[in-house]
Amino acid sequence: MSSCEFFKALTKAGSESDRMVIVKMFVGDNALSDIIVNGKSLLGITTNKEVLELAGKALTEERTVETVVNDVKVILEPVEPRPTVIVVGSGLIAKALVDVGNVIGYYVAVVGNGDVDKDRFSNAHFISNDLRDLKRLVDENSIIIIANEGGKPYDTEALYIALKHNAKFIGLLASQRRAAVMIADMVRRGLSLDYVLSKLHSPVGLDIGAKTAGEIALSILAEVMMFMRNASGKPMRDIKDPRKFIKDALEGRIQEQSCSWRPTEFKL
């Protein structure tokens, strides 16, 4: 089982399941990983009945379980499903996308073409310097962001791969002119213009006045989140306008309530 297959399985599990258990197995210096969803192995690696039962226990008790089965060290970690994002690129914005993605709890892969410094991207969940791996990672559940500021020669091929595999969200960091040139190239390579325009988000990101690499990464991932959650992108003040309640509050007809909202927590 390759790292590509594992990351692809994470993408599938994150898009289809409520909760899952990541299983890590250690035999000497070798390590294997699997994902348990609804009591079944997603990769077909974990077949031991005891381990599958422990996966259920880890979910029920909401805690990591460590054990040894047949001389194999096994760690079972229950996690909430997370979006997975594939970043194609190696520069400052690609690095910022990994950093911001990690903070908001996403699994982030980085793919380049011999130009990714693995030490700089050590917090990514998967790293490849071979663009051919992109074909192995992508499916219809994938979120792909091509994020080479100024562009690199392999961006066009990465865009073609993403479109051919019908990725769910395809973002391209590019100027209007460069995006238009790349769209034209996709059409010359046999893709329908209507299809390309329907799938491609470029220039990717929301208009929030972003300038720095971190701000640009934030604007890009905000658009990704808006797309995934089918949200409006409007200010929350417009969605939940408190002004409609001010008259009642002034007249004492409503009281402050204890805060009951909290964000979803990823149990790591």
Side-chain angles (χ1 to χ4, degrees), residues 7-8 10-16 79-112 116 120-128 134 137-152 155 158-159 161-163 165-176 178-179 182 198-239 262-268:
F7 193 86
K8 194 170 183 178
L10 275 178
T11 301
K12 179 179 174 63
S15 65
E16 297 180 356
V79 298
E80 302 289 342
R82 312 182 189 185
T84 60
V85 176
I86 302 169
V87 175
V88 178
S90 60
L92 292 174
I93 295 173
K95 178 65 170 67
L97 282 165
V98 176
D99 294 341
V100 176
N102 271 302
V103 169
I104 60 179
Y106 290 4
Y107 289 117
V108 187
V110 178
V111 179
V116 177
R120 286 186 63 235
F121 288 87
S122 60
N123 56 339
H125 292 84
F126 173 82
I127 303 172
S128 172
L134 187 59
L137 287 172
V138 180
D139 63 18
E140 65 277 4
N141 297 308
S142 297
I143 297 166
I144 300 179
I145 302 167
I146 301 168
N148 279 312
E149 53 265 35
K152 290 201 173 183
D155 287 357
L159 178 58
I161 292 170
L163 289 165
H165 286 77
N166 194 30
K168 180 186 294 185
F169 181 99
I170 304 170
L172 171 65
L173 181 71
S175 67
Q176 291 171 282
R178 181 165 171 262
M182 291 180 69
S198 71
K199 298 294 293 187
L200 183 60
H201 298 252
S202 185
V204 66
L206 299 181
D207 181 12
I208 58 173
K211 298 294 184 184
T212 68
E215 291 170 347
I216 293 169
L218 177 63
S219 78
I220 291 171
L221 290 175
E223 183 182 358
V224 169
M225 186 182 299
M226 184 180 72
F227 174 85
M228 291 191 303
R229 307 285 191 249
N230 194 28
S232 69
K234 296 179 180 178
M236 287 304 297
R237 185 183 66 178
D238 294 345
I239 302 299
R262 65 184 178 88
T264 299
E265 294 180 3
F266 293 113
K267 297 177 176 60
L268 304 178

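Counting begins at 1 with the first residue of the sequence.
Tyr106 contributes atom OH, which lies 3.5 Å from atom CE of Met225 (distance to the nearest 0.5 angstrom). Here the straight-line distance linking atom CE of Met182 with atom CG of Asp155 works out to 5.0 Å at 0.5 Å rounding. Rounded to the nearest 0.5 angstrom, Leu163 CG and Asn166 CG are separated by 9.0 Å. How far CD1 of Ile146 is from CG of Leu159: 4.5 Å, rounded to the nearest 0.5 Å. The line from CD1 of Ile216 to CG of Leu92 is 9.5 Å long, rounded to the nearest 0.5 Å.
Nearest approach of Gly214 to Val100, heavy atoms of both residues: O-CG2, 4.3 Å. Closest approach of Ile127 to Phe121, counting heavy atoms only: CD1-O, 3.1 Å. For the pair Ile93 and Ala147, the tightest heavy-atom approach, listed with the atom from each and the gap, is CG2-CB, 4.3 Å. Contact record, Ile144 with Ala162: CD1-CB, 3.5 Å, taken as the closest heavy-atom pair. Contact between Ser232 and Ile239 at its shortest, heavy atoms only, is OG-CD1, 3.7 Å.
Under a 3.5 Å cut-off, the side chain of Lys152 and the backbone N or O of Gly89 do not form any donor-acceptor pair. Listed for the Asn148 side chain is a donor-acceptor partner under 3.5 Å among the backbone atoms of Ser90. Not one N or O on the side chain of Ser219 forms a donor-acceptor pair closer than 3.5 Å with the backbone of Gly205. Listed for the His125 side chain is a donor-acceptor partner under 3.5 Å among the backbone atoms of Val108. A donor-acceptor contact shorter than 3.5 Å links the side chain of Asn102 to the backbone of Asn123.
Proximity of Leu173 to Arg178: side-chain heavy atoms (C-beta onward) are nowhere separated by under 4.5 Å. For the pair Glu223 and Val204, the minimum side-chain heavy-atom distance is below 4.5 Å. Here the side chains of Val79 and Tyr107 are in contact, with some heavy-atom distance below 4.5 Å. In this structure, the side chains of Ser142 and His165 stay at 4.5 Å or more apart for every pair of heavy atoms.
Atom CG of Asp207 sits in a sparse spot, with 12 or fewer heavy atoms from other residues, nucleotides or ligands closer than 6.0 Å.
Under the 30°/60° scheme for interplanar angles, the aromatic rings of His201 and Phe227 are found to stand perpendicular.
Screening Ile220, Ile143, Val110 for a side chain to side chain contact (heavy atoms under 4.5 Å, CB included) involving Val85 leaves a single residue, Ile143. Checking each of Ile170, Ile86, Val224 against Ile145 for a side chain to side chain contact (heavy atoms under 4.5 Å, CB included) leaves exactly one that passes, namely Val224.
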